[in-house]
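Worksheet for the structure shown next.
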Protein chains: 2
Amino acid sequence: MTNSSPATIEDVARIAEVSIATVSRAIHTPEKVANSTRLKVNQAIAITGYTTNAMARSLRLGRSNMILVVAPDIGDPNFSSILVGLENEARSHGYGVLIGHTQNEPQRGLEYLKFLNSNQAAGMILFTGILPFGHQSMTARLPPSVGVFEPVFNGGIPYVGVDDVAGARKAIDLLIAEGHRRIAFIGDSRTRLAFSRRREGYEEGLAAAGIPQSARIILEGDGTIESGRLALEQLFMRDTLPTAFMCVNDQTAIGVMLGLTARGYDIPRDFSVTGFDDVPQATFINPTLTTLRQPRTAIGRQAMALLLQLLANEHPDETEFLLMPDLIVRNSVSRPRSGK
Amino acid sequence: MTNSSPATIEDVARIAEVSIATVSRAIHTPEKVANSTRLKVNQAIAITGYTTNAMARSLRLGRSNMILVVAPDIGDPNFSSILVGLENEARSHGYGVLIGHTQNEPQRGLEYLKFLNSNQAAGMILFTGILPFGHQSMTARLPPSVGVFEPVFNGGIPYVGVDDVAGARKAIDLLIAEGHRRIAFIGDSRTRLAFSRRREGYEEGLAAAGIPQSARIILEGDGTIESGRLALEQLFMRDTLPTAFMCVNDQTAIGVMLGLTARGYDIPRDFSVTGFDDVPQATFINPTLTTLRQPRTAIGRQAMALLLQLLANEHPDETEFLLMPDLIVRNSVSRPRSGK
DNA sequence: TTGAAAGCGCTAACAC
DNA sequence: GTGTTAGCGCTTTCAA
């Protein structure tokens, strides 16, 4: 039990009465070390409380054992459970996870680019649909990277996400099965692929049910609560109201529900609402929200597994890995009021 | 513009036609380098796109430039804005921030302990009231550390938080000023100091208003939405109901409001409710929640500033740094119904 | 199966 | 004001 500065490989070697090379081998390639020697080394490690100095190791190896996870906003309710998957997978392969949040500011992104360039991370997981690094990203050498949720536009980077089209299809099919015909899609976006894919699912579902083009009601949004509210206001200025709102995500749905409630309507009696994501609030809002659950932990796990593959120089053929979201039926959907 | 492996200090030195020592000095102690030389070096850095290899630097210096932030749950709505303060302060002093989340599992804590022992972080910010490392933390050398929100019980670690007593006092004084006399405190906890301090503020306020001990209604909770609901159910099984609920935090308040609404009551007509923290949801819930705003960014900034002081071997006398929360008056409080 | 030694990229003491 | 050099702790040839 040394007490001053942390034990080094040399301390272990001295106590075990072997060379530092043997200690290193006993740790990383134990099969290349005689049983008796390995035992001595292990004892010495226990005595000293030795842990490998990751700096020195990374310097020597030319790569670190950290993965940088870049997210625009770690307050995002989706984020933390995905992180669990990411971390568990990384950890079980000897990697640590480092979280960078850019707050949607390119300036912050550049800091991380510097970080990457100084070799402090072996790979990168991106939570954003674009490389958050501005123009410099073009000239810089990026480490192996994997996107989560959305493809990374300017990178040719593989990604793991959810099958948005199929998921949206589940929602729209439910609404149609309940008898809805005039269903609005709230939250279309040209800049967010996930959102426009969900709109695709909406259109596919309507088409499959033989509902004419003219009955489609599509409003744009950016996925915030506020955008849901706003879209609702716009809708109420038209003459034909839908009987159901299929929202691009839960935040939007919450905005719509808040707006509807404020106008004195009852959900689901007067209007049905669906979301997408299954954020924690979905179970607390009144009525509880029917939505699609993102397989978050699985997404995280698979994204990290993919990155580790890349790091091992195995390049899979596919560039898009989609998992299936589950439809979670709660209380925000019912049959439309007869006559409407 | 080199293209293969990242430029090293040697590349820069060669191009600038100086020694590597001069390059290092030009970067870290520019005043010790002749203007003309510095210029050449800067040009060479620009040409090569050189960034210091943080691994090598840390190894040489014997300390890293990363600060580990350990949080039990990064999904906590308080967390991300505090992180902003932490990060900005750290970054402006050349430190990076690394986030570790323990998910309240001691096992995870141990991983971070190993991380610290391998010298990968120079210091630590703790978001939890206890060292999340189990028994081993006793024997291990911990780096300079600072707590956020709550003192760290088993460490003698200074912390930056909010003045919970004074904050709670603001809430209770408001309720009393509105005319409430029977006010319940929801969310007392023996294990969370911040919570019991808020209860202290509650008691102080009642005492100052001359409200007798017997009128105190105190229920326990763990600060979750569910705990708020639960406490409410318990209260409704008693015969004397309060006219106002002073909740230990916003989550609890939301639980109480949800429960009240579910029972058909109107807030604030039938009951007033206050929270603590000012989470984002406080503005979206209906009615909007009167609460105390944590000066989050300031807390983060100050905590990191304190840690940087420690890292510079300056040890302040105080061990507790409290900032004042602001009372944010919204719509969940009104005068009690006459006759109640 | 083990040891000696080179060297990853950097900083700082020392010499000039 | 600048260069030379030792060495941070580690992994990995190369020899034995």
Side-chain angles (χ1 to χ4, degrees), chain A residues 2 4-42 44-45 48-66 94 114-120 122, chain B residues 2 4-42 44-45 48-66 94 114-120 122:
Chain A
T2 60
S4 56
S5 58
T8 72
I9 200 171
E10 212 159 342
D11 298 327
V12 177
R14 194 170 340 100
I15 292 181
E17 297 177 306
V18 296
S19 73
I20 61 169
T22 300
V23 174
S24 179
R25 278 190 286 257
I27 295 171
H28 299 291
T29 50
E31 68 280 8
K32 292 187 174 175
V33 169
N35 277 335
S36 57
T37 320
R38 194 166 57 239
L39 217 69
K40 281 195 297 180
V41 171
N42 286 339
I45 288 176
T48 54
Y50 170 76
T51 32
T52 303
N53 181 320
M55 300 297 177
R57 177 157 217 263
S58 301
L59 177 59
R60 175 62 233 241
L61 258 36
R63 61 184 160 73
S64 91
N65 63 331
M66 301 295 292
K114 244 178 90 179
F115 184 84
L116 291 168
N117 276 354
S118 64
N119 279 317
Q120 291 191 77
Chain B
T2 60
S4 56
S5 58
T8 72
I9 200 171
E10 213 160 341
D11 299 326
V12 177
R14 196 174 333 101
I15 292 180
E17 297 177 308
V18 296
S19 72
I20 60 168
T22 299
V23 175
S24 178
R25 276 191 288 257
I27 295 170
H28 300 291
T29 51
E31 69 279 7
K32 292 187 174 175
V33 168
N35 277 334
S36 56
T37 322
R38 195 167 55 239
L39 217 69
K40 281 195 297 181
V41 171
N42 286 339
I45 288 177
T48 54
Y50 170 76
T51 32
T52 303
N53 181 319
M55 300 300 178
R57 178 158 215 264
S58 300
L59 177 59
R60 176 61 234 237
L61 258 35
R63 61 186 160 73
S64 92
N65 62 332
M66 302 296 292
K114 244 177 92 178
F115 184 84
L116 291 168
N117 275 353
S118 65
N119 279 317
Q120 292 192 75

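Not measured: the values here are computed from a predicted model. Quick note on labels: first sequence line is chain A, next is B, and so on, each numbered from 1.
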(message) Both A/Leu59 and A/Ser19 contact DNA chain C. Taking the nearest nucleotide for each, which residue is further toward the 5' end?
(response) A/Ser19

(message) Under 4.0 Å, counting only non-hydrogen atoms across every strand here, what does A/Thr52 touch: a base, just sugar-phosphate, or nothing?
(response) sugar-phosphate

(message) Using a heavy-atom cut-off of 4.0 Å across all strands, would you classify B/Ala21 as base, sugar-phosphate, or nothing?
(response) base

(request) Have a look at the helix from C/dT1-D/dA16 to C/dC16-D/dG1 and give the angle its two end axes make, five pairs each, rounded to 10 degrees. (result) 40°

Straight-line distance of [X] [atom1] to [Y] [atom2], nearest 0.5 Å:
X	Y	atom1	atom2	answer
A/Ile27	A/Tyr50	CD1	OH	4.5 Å
B/Met55	B/Ser64	CE	OG	9.5 Å
B/Lys114	A/Thr52	NZ	OG1	8.0 Å
B/Ser58	B/Arg60	OG	CZ	12.5 Å
B/Arg57	B/His28	CZ	NE2	4.0 Å

Can you check the [X] [atom1] to [N] [atom2] distance for me, whole Å?
X	N	atom1	atom2	answer
B/Lys32	C/dC14	NZ	C1'	13 Å
B/Asn119	C/dC10	CG	P	19 Å
B/Lys40	D/dT2	NZ	C1'	10 Å
B/Leu39	D/dG1	CG	P	15 Å
B/Arg63	D/dG9	CZ	P	15 Å
B/Glu10	D/dT4	CD	P	12 Å
A/Gln120	C/dG9	CD	C1'	13 Å
B/Ile20	C/dC14	CD1	C1'	15 Å

(request) State, yes or no, whether a side-chain contact exists between A/Thr51 and A/Pro6 at a heavy-atom distance under 4.5 Å. (result) no

(message) Between B/Thr37 and B/Val18, is there a side-chain heavy-atom distance shorter than 4.5 Å?
(response) yes

Among [options], find the nucleotide with the atom closest to the side chain of [X].
X	options	result
B/Ile9	C/dC10, D/dC10, C/dG3	C/dC10
B/Arg60	D/dG3, D/dC10, D/dA6	D/dA6
A/Ala56	D/dG3, D/dG9, C/dA5	D/dG9

(request) Go through the steps to decide whether B/Thr29 and B/Val33 satisfy the test side-chain contact (heavy atoms from CB on, under 4.5 Å), and finish with yes or no. (result) CA-CA 8 Å; B/Thr29 51; B/Val33 168; 5.7 Å; no

(request) Any chance you could lay out the side-chain contact (heavy atoms from CB on, under 4.5 Å) test for A/Thr8 and A/Asn53, step after step, and finish with the verdict? (result) CA-CA 8 Å; A/Thr8 72; A/Asn53 181 320; over 6 Å; no

(message) Can you see if the side chain of A/Thr37 gets near the phosphate of C/dT1 - specifically, an N or O under 4.0 Å from OP1 or OP2?
(response) no

(request) Only counting residues at least two apart or in another chain, list the ones meeting side-chain hydrogen bond (donor to acceptor under 3.5 Å, both in side chains) with B/Ser118. (result) B/Gln120

(request) Mind running a 4.0 Å heavy-atom check of residues 22-29 of chain B against DNA chain D and sending the residues that fall below it, in number order? (result) B/Thr22, B/Arg25

